[in-house]
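Below is one structure; the comments refer to it alone.
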Amino acid sequence: MAKEVMQRNAADNEYLHKDFHGALSGGLIYLEDNFGQDSVREYLEKFATSYYAKLREQLQREGLTALKDHFEDLYATEGGEIEIEYSEDELILNVKACPAVVHMRANNYPVANMWIETDRTVNQAICAGSDFDYEMLEYDEQTGKSVQRFFRREVSGRSE
């Protein structure tokens, strides 16, 4: 019998890590219960600053187009539905439902009370030191549905 060899690369596989979100949620619950809410925000800020270093550089160089591309790719990978309103000075992200929250609720994972910070704190950290800022306009804890806004910071009453 002839030996068959199959060549595969990680990139050949569909990228899925949905259960990661359940583990992250458990970690956030642990941090909040044992060290308080500030520890959750501090952890997420340090994570975002490091993990998204390249995206932060792109934001500085390319402006909001870097975030537009990032979120389009992210939600396509995660299987989430979003609408994006985009201009050079403002990006509004309308998330129909957070794929992570939907997955956790469907699989009976506990959703951290501070799960919103995985958007709010992370996105604020991505914007830190850039010409842009971030705000959460709407958030539904049951589904993760949200409206989020990235915008050019104003200096002396005028937009740069």
Side-chain angles (χ1 to χ4, degrees), residues 10 13-56 58-59 62-154:
N13 299 315
E14 182 180 352
Y15 175 72
L16 288 176
H17 67 272
K18 292 184 185 233
D19 288 337
F20 160 79
H21 300 297
L24 175 60
S25 182
L28 298 181
I29 291 167
Y30 175 84
L31 284 174
E32 182 182 8
D33 288 350
N34 291 281
F35 303 102
Q37 292 183 347
D38 287 344
S39 70
V40 172
R41 289 183 195 94
E42 181 181 344
Y43 167 76
L44 289 170
E45 183 178 347
K46 286 181 180 181
F47 162 79
T49 300
S50 175
Y51 186 79
Y52 290 114
K54 183 178 176 184
L55 178 60
R56 295 176 75 227
Q58 288 175 311
L59 177 60
E62 302 168 19
L64 290 173
T65 190
L67 291 181
K68 180 181 176 291
D69 294 345
H70 166 74
F71 285 114
E72 287 173 343
D73 291 346
L74 176 67
Y75 281 87
T77 299
E78 295 282 341
E81 184 182 346
I82 59 167
E83 291 177 0
I84 295 176
E85 297 174 41
Y86 167 78
S87 73
E88 287 184 12
D89 296 322
E90 182 179 61
L91 183 147
I92 296 178
L93 182 63
N94 187 338
V95 179
K96 301 301 182 184
C98 172
V101 172
V102 169
H103 176 76
M104 287 187 290
R105 294 214 186 279
N107 290 282
N108 297 315
Y109 288 108
V111 179
N113 292 330
M114 294 186 70
W115 187 259
I116 187 174
E117 299 303 329
T118 63
D119 284 323
R120 186 167 45 208
T121 297
V122 167
N123 289 333
Q124 286 171 342
I126 289 170
C127 290
S130 77
D131 295 338
F132 299 95
D133 208 345
Y134 166 85
E135 63 183 340
M136 177 71 74
L137 300 176
E138 297 176 22
Y139 186 79
D140 176 45
E141 291 183 4
Q142 289 304 305
T143 64
K145 177 182 178 179
S146 65
V147 178
Q148 303 174 55
R149 177 178 177 243
F150 297 84
F151 56 96
R152 187 175 301 278
R153 296 176 199 268
E154 290 188 15

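Here the structure is a predicted model, which means the values were calculated and not measured.
When all heavy atoms of Q142 and V101 are compared, the closest pair comes out as O-CG1, 3.4 Å. Nearest heavy atoms, A100 versus W115: CB-CZ2, 3.8 Å. G80 and P99 make their closest contact through CA-CG, 3.6 Å (heavy atoms, listed as atom of the first residue, atom of the second, distance). Across every non-hydrogen atom of Y52 and H70, the tightest pair is CE2-CE1, 3.7 Å. N123 and Q148 get closest at one heavy-atom pair: ND2-OE1, 3.0 Å. Contact record, Y139 with S146: CD1-CB, 3.9 Å, taken as the closest heavy-atom pair.
To the nearest 0.5 Å, the span separating NZ on K96 from OG1 on T143 amounts to 11.0 Å. Going from atom CG of D69 over to atom CG of L74 covers 12.5 Å, rounded to the nearest 0.5 Å. The CG atom of L44 lies 11.0 Å from the CD atom of Q124; values are rounded to the nearest 0.5 Å. The distance from atom CG of L59 to atom CG of L64, rounded to the nearest 0.5 Å, is 6.5 Å. A distance of 12.5 Å separates CZ of F47 from OG1 of T121, quoted to the nearest 0.5 Å. The CD atom of E117 sits 8.0 Å away from atom CD of Q37, with the distance rounded to the nearest 0.5 Å.
In this structure, I116 and R120 have side chains that are in contact, with non-hydrogen atoms separated by less than 4.5 Å. Between L55 and L67 there is a side-chain heavy-atom pair separated by less than 4.5 Å. With contacts defined as side-chain heavy-atom distances shorter than 4.5 Å, the pair D119/Y134 qualifies. Between V95 and Y75, some side-chain heavy-atom pair lies under the 4.5 Å cut-off. Between H103 and E78 the shortest side-chain heavy-atom distance does not fall below 4.5 Å. Residues V40 and E32 have side chains in contact (heavy-atom distance under 4.5 Å, counting atoms from C-beta outward).
Of the possible donor and acceptor atoms, one in the side chain of S39 sits under 3.5 Å from a partner among the backbone N and O of L31. At distances below 3.5 Å, not a single donor-acceptor pair connects side-chain atoms of T49 with backbone N or O atoms of K46. A donor-acceptor distance shorter than 3.5 angstrom exists from the side chain of S25 to the backbone of P110, with no hydrogens or angles considered. R149 contributes no side-chain N or O that, together with a main-chain N or O of L137, makes up a donor-acceptor pair within less than 3.5 Å. Between the side chain of R56 and the main chain of A125, a donor-acceptor pair closer than 3.5 Å is present.
No more than 12 heavy atoms of other residues, nucleotides or ligands sit less than 6.0 Å from atom OH of Y43. Atom CD of E141 is surrounded by 12 or fewer heavy atoms from other residues, nucleotides or ligands within 6.0 Å.
Remark: aromatic rings of F71 and F150 are close, center separation under 6.0 Å.
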Might you work through the side-chain contact (heavy atoms from CB on, under 4.5 Å) test for M114 and L28, ending with a clear yes or no?
-> CA-CA 7 Å; M114 294 186 70; L28 298 181; 5.7 Å; no

Decide yes or no on side-chain contact (heavy atoms from CB on, under 4.5 Å) for Y86 and T65, but give the supporting numbers first.
-> CA-CA 8 Å; Y86 167 78; T65 190; 3.5 Å; yes

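Here the options are D89, D131, D133, the test is salt bridge (Lys or Arg N to Asp or Glu O under 4.0 Å), and the partner is R153; only D133 passes.
By the 4.0 Å N-to-carboxylate-O rule, K145 lies too far from E138 to be salt-bridged with it.
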